S.K.: 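Got a structure for you, written out below as structure tokens; questions coming shortly.
Because the structure is a prediction, the values reported are computed rather than measured. So you know, we letter chains A, B, ... as the sequences are listed, proteins then strands, and number each from 1. Heavy atoms only: backbone and side chains are in, while hydrogens, waters and symmetry mates are out.
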Amino acid sequence: MSKALRSVKGTRDLLPPQTAVWNAVEEIARRVFTSYGYGEIRTPVLESTDLFVRGVGESTDIVGKEMYTFADRKGRSLSLRPEATAAIGRAFVEHNLQELPLPVRLYCIGPFFRYERPQKGRYRQFFQIDAELLGDPGPHSDVEVILMLLRFLRELGLERLVVLINTVGDEASRLAYRAALVSYLEPYKDQLGEDSRRRLESNPLRILDSKAPAERQLLEGAPNLHDHLSPESREHFEQVLALLERFEVELEVAPQLVRGLDYYTRTVFEIVSQGLGSQDAIVGAGRYDRLIGDLGGPPTEAIGFAIGQDRLIDVLPESFRAAATASSPAMLIPIGDQAQVEGLALAERLRQAGIVVIAELSGRSVRSALKQANRRGARHAILLGEDEIARGEVTFRDLESGEQLALSTDDLVQRLKEST
RNA sequence: GUGAGUGUAGCUCAAUGGUAGAGCACCUGACUGUGGCUCAGGUGGUUGGGGGUUCGAAUCCCCUCACUCACCCCA
């Protein structure tokens, strides 16, 4: 067992019937997002490392210690994408998408990679469902994005979700607040943990969502970011809150919510869910008004969210799971050598008529074939032996009632179509 | 990167130093062409790997690997 080949640490195989749940979630995402005018974008899994250093931020943990980074055969530094937004920003700039009618609405579903110790709800390869609205400063776009997100989650059967929301202000607000926070914390420097002391230089705002009890207490008396907001940022945030209230979105303003990516400006929000253990954020999101410009594009305000698909699927109601995995194929059981080929031909004909048919291929006994049909959850069995072939019929068995009758193949098609 | 817990049959787990077991699953039969329920039988194990202590180790000790959870961080 120790020598056996296994999937790489932090990655996993998704197998049927679980994959049916994944597909169902993705189908709903596509349908809902499409109804808001979103189109799908697929960007490469591999990007140049520089994109994330510039886009996500050098001081972030993601870039600093969690990226899969390596040199290709010509020595170029490449990274597996750790998140979606920077790459979508790159594509936006590369393809001059600002020429399209703005805002541009894009969604993306796929795998992302971070080198972290795996635990519940955290994998080295994980999947995100991501949507970005580029080219509108808000606040109405902030609201539309949140409404779309909630519509999607509700369609999955998730109710009573609380949106944690905050603003991190614009550039000017952040600079002013940053200075105030640093001068407040500076005297208490030796009471801070190692990480926070480092962040005092690199990214002081991140200290705000520290969970260390001693630091939490210290932060009670810290200056409030909301007191340093520019009038424009304050106005923006208040409008977002007012609009969301109008749409009866359950909100919780969370002043300590800062998020770990450098590109966020103004509105940031999260959705957390119970039953996930300590990795409980299923959605992380925010506005990033400077990213496109920083990546060399025209100044373009944007907002987007990332849903952790792995975690989302963990909290799906059982009813959704059951509906997604429900299947009741017909089982075709040939009896005897002669019937094998006839059976394959009949199965082909049924499938052409849109019926899901599993053919018994191994020539096992009728007994064990029926047993298997039962285990597979088949609703009907079709028995085809020499007798039936001679009469041009099949024996049709309802596996729920045990009822059994002889049918012509035409009647069989009819009967199976009716029952689906 | 740090800490804790767990590794025994395909799966879920027993066996606290003395013959490696049960349930489920799988195969066969009762039932020569009829599932679910039942009954009988059967296949399946270097107890994660390596070393040590001991007359004797799944069990105690050391090393190692893997998995899980938590910290951190985030989706």
Side-chain angles (χ1 to χ4, degrees), chain A residues 1-10 12 56 59-67 81-85 109-130 193-196 198-199 203 206 209-213 215 257-261 268 270-273 276-286 304-315 331 333-336 339 360 362-388 394-404:
Chain A
M1 213 188 272
S2 61
K3 274 187 249 169
L5 248 27
R6 318 174 47 105
S7 74
V8 168
K9 186 197 265 284
R12 51 188 186 152
V56 179
S59 70
T60 62
D61 285 350
I62 292 176
V63 171
K65 51 187 196 195
E66 295 171 3
M67 278 210 293
R81 58 182 184 184
E83 61 100 52
T85 305
I109 301 174
F112 297 85
F113 306 85
R114 290 181 202 172
Y115 191 90
E116 300 177 89
R117 265 300 248 286
Q119 69 187 70
K120 189 173 173 61
R122 190 170 76 185
Y123 306 97
R124 289 183 172 181
Q125 179 182 50
F126 57 98
F127 290 79
Q128 287 191 346
I129 299 173
D130 190 273
E194 194 186 327
D195 288 338
S196 293
R198 187 162 32 77
R199 286 185 183 127
N203 198 345
R206 289 292 313 290
D209 59 12
S210 160
K211 283 156 206 146
E215 298 189 6
L257 178 63
V258 175
R259 308 204 43 73
L261 291 78
V268 293
E270 269 186 16
I271 294 178
V272 298
S273 177
L276 276 173
S278 67
Q279 306 302 316
D280 62 353
I282 57 173
V283 180
F305 62 74
I307 303 168
Q309 192 174 359
D310 309 75
R311 293 177 188 179
L312 181 65
I313 281 168
D314 272 353
V315 298
M331 193 80 197
I333 304 171
I335 305 159
E360 171 56 51
S362 71
R364 54 161 58 86
S365 69
V366 172
R367 221 177 133 56
S368 55
L370 277 169
K371 219 173 218 172
Q372 292 237 349
N374 203 52
R375 278 184 66 207
R376 288 175 191 271
R379 198 184 302 169
H380 307 289
I382 302 152
L383 291 98
L384 187 65
E386 287 174 30
D387 304 353
E388 286 86 352
V394 301
T395 296
F396 176 79
R397 184 174 179 85
D398 185 317
L399 291 176
E400 256 167 55
S401 64
E403 193 186 344
Q404 184 165 304

S.K.: In whole Å, what separates the P atom of B:U47 from that of B:G29?
M.R.: 33 Å
S.K.: Just jot down the salt bridge (Lys or Arg N to Asp or Glu O under 4.0 Å) partners of A:Glu66, sequence neighbours excluded, or say none.
M.R.: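 A:Glu66: no salt bridge (Lys or Arg N to Asp or Glu O under 4.0 Å) contacts found.
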S.K.: For A:Ala373, answer base if it contacts any base atom (sugar-phosphate contacts may also be present), sugar-phosphate if it contacts only those atoms, and nothing otherwise; contact means non-hydrogen atoms under 4.0 Å.
M.R.: nothing
S.K.: Walk me through it: do A:His380 and A:Asp398 pass the test side chain to side chain contact (heavy atoms under 4.5 Å, CB included)?
M.R.: CA-CA 5 Å; A:His380 307 289; A:Asp398 185 317; 4.1 Å; yes
S.K.: Could you walk me through whether A:Thr85 and A:Val56 pass side chain to side chain contact (heavy atoms under 4.5 Å, CB included), step by step?
M.R.: CA-CA 8 Å; A:Thr85 305; A:Val56 179; over 6 Å; no
S.K.: If we call it a pair only when both distances are under 3.5 Å in a Watson-Crick or G-U wobble match, what pairs with B:G35?
M.R.: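 Across any shown strand, B:G35 pairs with none.
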S.K.: Under 4.0 angstrom, heavy atoms only, what part of the nucleic acid is A:Gln125 near: base, sugar-phosphate, or nothing?
M.R.: nothing
S.K.: What does A:Arg206 touch in the nucleic acid at a heavy-atom separation under 4.0 angstrom: a base, only the sugar-phosphate, or nothing?
M.R.: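 It contacts sugar-phosphate atoms only.
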S.K.: How long is the line joining CZ of A:Phe396 and P of B:G35, in whole Å?
M.R.: 18 Å
S.K.: Applying a 3.5 Å limit to both distances, which nucleotide forms a Watson-Crick or G-U wobble pair with B:C11?
M.R.: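 Partner of B:C11: B:G23.
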S.K.: Using the P atom in both, what is the distance from B:A9 to B:A4, to the nearest Å?
M.R.: 27 Å
S.K.: Evaluate whether atom CD of A:Glu386 has more than 12 neighbouring non-hydrogen atoms of other residues, nucleotides or ligands under 6.0 angstrom away.
M.R.: no
S.K.: For nucleotides B:G49 and B:C69, find the distance between their C1' atoms and express it as a whole number of Å.
M.R.: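 Between the two C1' atoms, the distance is 24 Å.
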S.K.: So if I define the base as every atom that isn't primed, P, OP1 or OP2, how would nucleotides 66-71 of chain B read as a B/S/- string at a heavy-atom cutoff under 4.0 Å?
M.R.: SS-SBB
S.K.: Could you give the distance separating B:G21 and B:C55 at their C1' atoms, to the nearest angstrom?
M.R.: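 Straight-line distance between the two C1' atoms is 25 Å.
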S.K.: Measure the shortest side-chain to side-chain distance between A:Arg206 and A:Ser196 over non-hydrogen atoms and say whether it is less than 4.5 angstrom.
M.R.: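 Answer no - side chains too far apart.
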S.K.: In this structure, which one of A:Arg122, A:Gln119, A:Lys120 forms a side-chain contact (heavy atoms from CB on, under 4.5 Å) with A:Ser278?
M.R.: A:Gln119
S.K.: Between A:Arg199 and B:C73, is there a side-chain N or O to OP1/OP2 distance below 4.0 Å?
M.R.: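 The answer is yes; a side-chain N or O of A:Arg199 sits under 4.0 Å from OP1 or OP2.
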S.K.: Hey, what are the protein-to-nucleotides 25-30 of chain B N/O distances that come in under 3.5 Å?
M.R.:
| from | atom 1 | to | atom 2 | distance (Å) |
| --- | --- | --- | --- | --- |
| B:C26 | OP1 | A:Arg375 | NE | 3.1 |
| B:C26 | OP1 | A:Arg375 | NH1 | 2.7 |

S.K.: Would you indicate what A:Ile282 reaches in the nucleic acid, counting non-hydrogen atoms under 4.0 angstrom: base, sugar-phosphate, or nothing?
M.R.: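 Touches sugar-phosphate only.
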S.K.: Between atom CD in A:Gln404 and atom P in B:G35, what is the gap in whole Å?
M.R.: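 So the CD-P distance, A:Gln404 to B:G35, works out to 10 Å.
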S.K.: I want to check a possible cation-pi pair here: A:Arg124 against A:Tyr115, using under 6.0 Å from ring centre and within 45° of the ring axis as the test.
M.R.: yes
S.K.: When both hydrogen-bonding distances must be under 3.5 Å and the geometry is Watson-Crick or G-U wobble, what is B:U28 paired with, if anything?
M.R.: B:A40
S.K.: Contact class for A:Asp387 vs. all strands (heavy atom < 4.0 Å): base, sugar-phosphate, or nothing?
M.R.: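 Here A:Asp387 touches the bases of the nucleic acid.
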S.K.: For nucleotides B:A22 and B:G33, find the distance between their P atoms and express it as a whole number of Å.
M.R.: 33 Å
S.K.: Does the structure show a Watson-Crick or G-U wobble partner for B:A4, both distances under 3.5 Å? Name it, or say none.
M.R.: B:U68
S.K.: Look at the side-chain N and O atoms of A:Arg397 and state whether any lies under 4.0 Å from the OP1 or OP2 oxygen of B:G36.
M.R.: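 For B:G36, neither OP1 nor OP2 has a side-chain N or O of A:Arg397 closer than 4.0 Å.
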S.K.: With P as the reference atom in both, quote the distance from B:C65 to B:G23 in angstrom, rounded to an integer.
M.R.: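 My reading of the P atoms in B:C65 and B:G23 gives 38 Å.
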S.K.: Please tell me which of A:Glu403 and A:Thr60 maps to the more 5' nucleotide of RNA chain B, matching each residue to the nucleotide holding its nearest heavy atom.
M.R.: A:Glu403
S.K.: For nucleotides B:A70 and B:G51, find the distance between their C1' atoms and express it as a whole number of Å.
M.R.: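 Straight-line distance between the two C1' atoms is 31 Å.
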S.K.: Would you classify A:Ile333 as touching base, sugar-phosphate or nothing, given that sugar-phosphate means primed atoms plus P, OP1 and OP2, and contacts are heavy atoms under 4.0 Å?
M.R.: nothing
S.K.: If the C1' atom of B:A66 is compared with that of B:U19, how far apart are they to the nearest Å?
M.R.: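 Going atom to atom, C1' in each nucleotide, I get 31 Å.
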